[in-house]
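Okay, structure first, notes after.
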There are 2 protein chains.
Amino acid sequence: MAEGAEVARRERLDRDRVLRTAVALADEHGIDAVSMRRLAQVLGVVPMALYKHVAHKDALLDGMVDAVLAEIDPPDPALGWADAVRGRILSAREVMLRHPWARRVMESRAAPTPVVLAYMDSTIGTFLAGGLSVDLVHHVMHALGSRIFGFTQELYDNAPGPTPDELAALGPEALAAMQQTAAMFPNVVAVATSRPHDPGSVVGSGCDDEFEFEFGLDLLLGGVERLHRRGWSSSGAASV
Amino acid sequence: MAEGAEVARRERLDRDRVLRTAVALADEHGIDAVSMRRLAQVLGVVPMALYKHVAHKDALLDGMVDAVLAEIDPPDPALGWADAVRGRILSAREVMLRHPWARRVMESRAAPTPVVLAYMDSTIGTFLAGGLSVDLVHHVMHALGSRIFGFTQELYDNAPGPTPDELAALGPEALAAMQQTAAMFPNVVAVATSRPHDPGSVVGSGCDDEFEFEFGLDLLLGGVERLHRRGWSSSGAASV
DNA sequence: ACCTGAACACCGTTCAAGT
DNA sequence: ACCTGAACACCGTTCAAGT
């Protein structure tokens, strides 16, 4: 029943303690471990006690996301709009690395919370203060998408580029199967095993996620800067 | 028990019928309706009968994604690399609009299936055939991310720009609450209600998702073309 | 005001049995 | 070879009751 250090009994619940405990539980055991029943158990309380502090499970998840967003640095007012947005997004990325479950939770939420809206409002404000037109900012927010929260689809995380440790632990039949799979997708293998980065900056996978995140971000922000400098207005940006 | 037309009994199950029925069920009632138990009921079969054709629920979800990816057009060999990739991604987007649940399922999957790898392999092949370096293609695949499958985070889908129908159905107290919320996030409201598009092309929301998708895609592909023309090689693209 | 207990209607999945 | 039935260990949540 009791899981030792994790059980913190008799302290009178409040919403903050519920949310902080839920975040810690997700950080340690993954988001699937965050069930109303297990969270209650960690808090030393019966499941229904939680419902006095969060309306339902979705409200719990919203609260967890809000708690994570609060860790993101505000934009630096000393910087120009592009650097201010860039810096804040990189801060958001660090936060998301600390709470890797947050990406999937945010993607699963239907409506943004006031905290999410406040974050977006502040980011939009930085663009507008930089002189970008409302219409351009509209498109830019779409184009950046979830990048403004510091994450993207990390497609190559699970691609067939095994770490040396994994390779060593593999049996001969598993290795043969892997080579057969690799032979079927030569382009994926070529691109996944390319080492475009400074060898010193990357240890295992040959893939520097920080570099890739900034590459995509700068491709987008660079394009926006170019459009803005050319006095971009509504029509003619996309052509079929 | 029986839900009329949905129940198709006595036809001997096979994997294909299981997957096709699961896709149809998700299209009609959403992904949450796709439980092993409910899918079995629609097929007129006991839940455990499914396990002869899919190893477990995750394998069912993988199979559903594979079925959806099979609907995407192959790249047009008559086009240059940029237009070929662009056309295929727009085809993928149409497919995702037909199966809106597929985005979340793909995001939740841990490892890519062979069908996912084959799709990526073919897309990478188009870039390489166009003369882009392996290193550049590596970064480009990261930068495009889930866009190559035809979707992005659609942040504004649920932002506070209500449709006229919704507004009309609102009570006065709900309307007052909404105005209060709007007052707290003026930048979000300004950007969400901007009408940057040809008024004829958009009916309700003032937001043309097709335009936004292509805007972001072209910002990225345009940046890549520019890098490629300049003979881009590994270093110096991202600066801190 | 806050917490509890029992119950309801669901899940995915195992195991042993039927045909 | 394919399907069934009963059971196990979980879910989120309601309702009525305790202190």
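Proteins come first, then strands; the chains are lettered A, B, ... in the order of their sequence lines, and each starts at number 1.
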Q: Could you state the atom-to-atom distance from OH of Tyr51(A) to P of dG12(D) in whole Å?
A: 6 Å

Q) Between dT4(D) atom C1' and Gln41(B) atom CD, what is the distance in whole Å? A) 16 Å

Q) Quick one: Met48(B) CE to dG18(C) P, roughly how many Å, whole number? A) 17 Å

Q: Counting Watson-Crick and G-U wobble pairs only, both distances under 3.5 Å, name the nucleotide matched with dA16(D), or none.
A: dT4(C)

Q. Ser35(A) side chain: which of dC3(C), dT4(D), dC11(D) is closest?
A. dC11(D)

Q: Just call it for Met36(A): base, sugar-phosphate, or nothing, with non-hydrogen atoms closer than 4.0 Å on any strand.
A: sugar-phosphate

(Q) Under 4.0 Å, counting only non-hydrogen atoms across every strand here, what does Lys52(B) touch: a base, just sugar-phosphate, or nothing? (A) base

Q) Does the pair Asp73(A) and Arg88(A) meet the rule for a salt bridge (charged side-chain N to carboxylate O under 4.0 Å, His left out), with working shown? A) CA-CA 6 Å; Asp73(A) 289 338; Arg88(A) 193 179 206 195; over 6 Å; no

Q: Take atom NE2 of His56(A) and atom P of dC11(D), then tell me their distance rounded to the nearest Å.
A: 19 Å

Q. Taking OP1 and OP2 of dC3(C), is either one under 4.0 Å from a side-chain nitrogen or oxygen of His53(A)?
A. yes

Q: Please state how far atom CG in Asp32(A) lies from atom C1' in dC11(D), giving the value in whole angstrom units.
A: 12 Å

Q: In whole angstrom, give the distance that lies between atom CG of Leu39(A) and atom P of dT13(D).
A: 13 Å

Q: Could you tell me the separation between the NZ atom of Lys57(A) and the P atom of dT13(D), rounded to a whole number of Å?
A: 8 Å

Q. In terms of side-chain heavy atoms of Ala49(B), which of dA6(C), dG12(C), dT4(D) is nearest?
A. dT4(D)

Q | Met36(A) side chain reached by His56(A) side chain, heavy atoms, under 4.5 Å | A | no

Q. Does one side chain, of Asp66(A) or Thr113(A), offer a donor that lies under 3.5 Å from an acceptor on the other?
A. yes

Q) Hey, are Arg98(A) and Asp27(A) close enough for a salt bridge, meaning a charged N less than 4.0 Å from a carboxylate O? A) no

Q: Starting at atom CZ of Arg37(A), determine the distance to atom P of dA9(D), rounded to an integer number of angstrom.
A: 14 Å

Q: Decide whether a cation-pi geometry holds between Arg93(A) and Phe151(A); the criteria are a distance under 6.0 Å from NZ or CZ to the six-membered ring centre and an angle within 45° of the ring axis.
A: no

